[in-house]
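Keep in mind it's a predicted model, so treat the numbers as computed, not measured. Start at 1 with the first residue, then count along the sequence.
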Amino acid sequence: MKKQTAPIGIFDSGIGGLTVAKAVMEALPNEDILYFGDTARVPYGIKSQETVRKYALEITRFLLDRGVKMILVACNTVSASAKKEIIEMAGDVPVLDVITSGSEKAVSLKTHNEVAVIGTLATVNSGAYPKAIKQLDQHVKVRLKACPMFVPLAEEGWTDNEIAQKVIEEYLGEFEDSGIDALILGCTHYPLFKKSIETFLHDEHIHIIDSAESIAASAKQELVDRNLSNTTGGNFQCFVSDQPQRFQELAERFLGRELVNVEIVSMV
Ligand code: DGL
């Protein structure tokens, strides 16, 4: 297979990364995408770094064995725990991750003195976002908040009902009128709450940064820079480690379109 026509590999702990797949499909409609969701072992956000690293490397190997030309780590928890190891395993295959892309976007907006980052416990505790942001601009102040309840709420499809609004208020109340000028959605499930969060913060000066959009833009640029762009693709193939009861319905909500050809791969 010619390098240009090889697929882009995207993976996540489950279906949240489909928000990244959706953004990539929009930005790069002629690319083939191979998606892996570790639905048998999700959530990663409450697991140890060692376990997340082990799972992430198994999936990286799976994608490399299928000849991907680029890997997008569509999980903040994996990006926070295993980025270095994935890059090492991938060799000359470029690896992009949501934490780097989201941080670059936040810093590029320039107006930012204070950025809030919301994510899973593992992402917040890793300190990966403050490290990435401060490497780009040491003057930016970073505030972190773990919002673990957002993951099950998104899985349930409760992103704008009364319960979701209460949870948003509980987690994000401290950012209301607080002077932050950007909020990074540091978990691939969180873009589903974007509208509800915007409504709650009701401040047009706060940029809500969706790392799905940022990583898709970075992937597009990287493919051009490396002369790896495809002009003839557009297929989407989905692998999961388990197909839970409501997978199809939820996946279509995350992806924003019908999902065909879901294959189950045993990872244990
Ligand atoms: N996809 C994960 C992330 O972006 C959240 C879900 C999980 O805890 O596995 O951090």
Between [Y] and [X], is there a side-chain heavy-atom distance shorter than 4.5 Å?
X: Pro7; Y: Gln237; answer: no
X: Leu259; Y: Phe236; answer: yes
X: Cys187; Y: Thr123; answer: no
X: Lys83; Y: Val73; answer: no
X: Asn230; Y: Thr232; answer: yes
X: Glu104; Y: Leu136; answer: yes
X: Glu249; Y: Arg253; answer: yes
X: Leu185; Y: Ile208; answer: yes

With the 4.5 Å side-chain cut-off for hydrophobic clustering, are [X] and [Y] part of the same group?
X: Ile71; Y: Met267; value: yes
X: Leu64; Y: Tyr55; value: yes
X: Leu201; Y: Val167; value: yes
X: Ile215; Y: Ile33; value: yes
X: Ile133; Y: Phe175; value: no

Using the side chain to side chain contact (heavy atoms under 4.5 Å, CB included) rule, pick out the option among Thr120, Val124, Ile118, Val98 that qualifies with Asn76.
Val98

Check whether more than 12 heavy atoms from other residues, nucleotides or ligands sit under 6.0 Å from atom [atom1] of [X], and answer yes or no.
X: Lys47; atom1: NZ; result: yes
X: Gln49; atom1: CD; result: yes
X: Lys145; atom1: NZ; result: yes

Heavy atoms only: give me the nearest [X]-[Y] pair and the separation to one decimal.
X: Ala6; Y: Gly67; result: CB-O, 3.4 Å
X: Thr188; Y: Ala74; result: CG2-O, 2.8 Å
X: Ala56; Y: Val78; result: CB-CG1, 3.6 Å
X: Ile10; Y: Gly17; result: CG2-O, 4.4 Å
X: Ala132; Y: Ile99; result: CB-CG2, 4.1 Å
X: Leu28; Y: Ala216; result: CD1-O, 4.5 Å

Has Arg66 got its NZ or CZ under 6.0 Å from the middle of the six-membered ring of Phe62, at an angle within 45 degrees of the ring axis?
yes

side-chain hydrogen bond (donor to acceptor under 3.5 Å, both in side chains) against Lys69, all qualifying residues, sequence neighbours excluded:
Glu31

Residues Lys54 and Glu50 bridged, charged N to O under 4.0 Å
no

Ion pair present between Glu213 and Lys105, side-chain N to carboxylate O less than 4.0 angstrom?
no

Criterion side chain to side chain contact (heavy atoms under 4.5 Å, CB included) on Leu63 and Val93, from CA distance to verdict:
CA-CA 11 Å; Leu63 294 173; Val93 173; over 6 Å; no

To the nearest 0.5 Å, what is the distance between [atom1] ([X]) and [atom2] ([Y])?
X: Met25; Y: Asn235; atom1: CE; atom2: CG; value: 10.0 Å
X: Tyr129; Y: Thr100; atom1: OH; atom2: OG1; value: 8.5 Å
X: Glu176; Y: His202; atom1: CD; atom2: NE2; value: 4.5 Å
X: Asp203; Y: Ile180; atom1: CG; atom2: CD1; value: 8.0 Å
X: Ile86; Y: Leu96; atom1: CD1; atom2: CG; value: 11.5 Å
X: Phe36; Y: Thr60; atom1: CZ; atom2: OG1; value: 10.5 Å

Set out, in order, the CA-CA distance, both residues' side-chain angles and the distance that settles side-chain hydrogen bond (donor to acceptor under 3.5 Å, both in side chains) for Gln248 and Glu252, then state yes or no.
CA-CA 6 Å; Gln248 190 82 16; Glu252 287 177 3; 3.2 Å; yes

Side-chain donor/acceptor pairs under 3.5 Å, residues 148-162, sequence neighbours excluded:
{"from": "Glu155", "atom 1": "OE2", "to": "His189", "atom 2": "NE2", "distance (Å)": "2.8"}
{"from": "Asn161", "atom 1": "OD1", "to": "Ile163", "atom 2": "N", "distance (Å)": "3.2"}
{"from": "Asn161", "atom 1": "OD1", "to": "Ala164", "atom 2": "N", "distance (Å)": "2.9"}

Is a side-chain N or O of Ser241 found less than 3.5 angstrom from the main chain of Ser266, in a donor-acceptor match?
no

Please list, chain by chain and in numerical order, all residues satisfying ring pair (Phe, Tyr, Trp, His ring centres under 6.0 Å) with Phe200, sequence neighbours excluded.
none

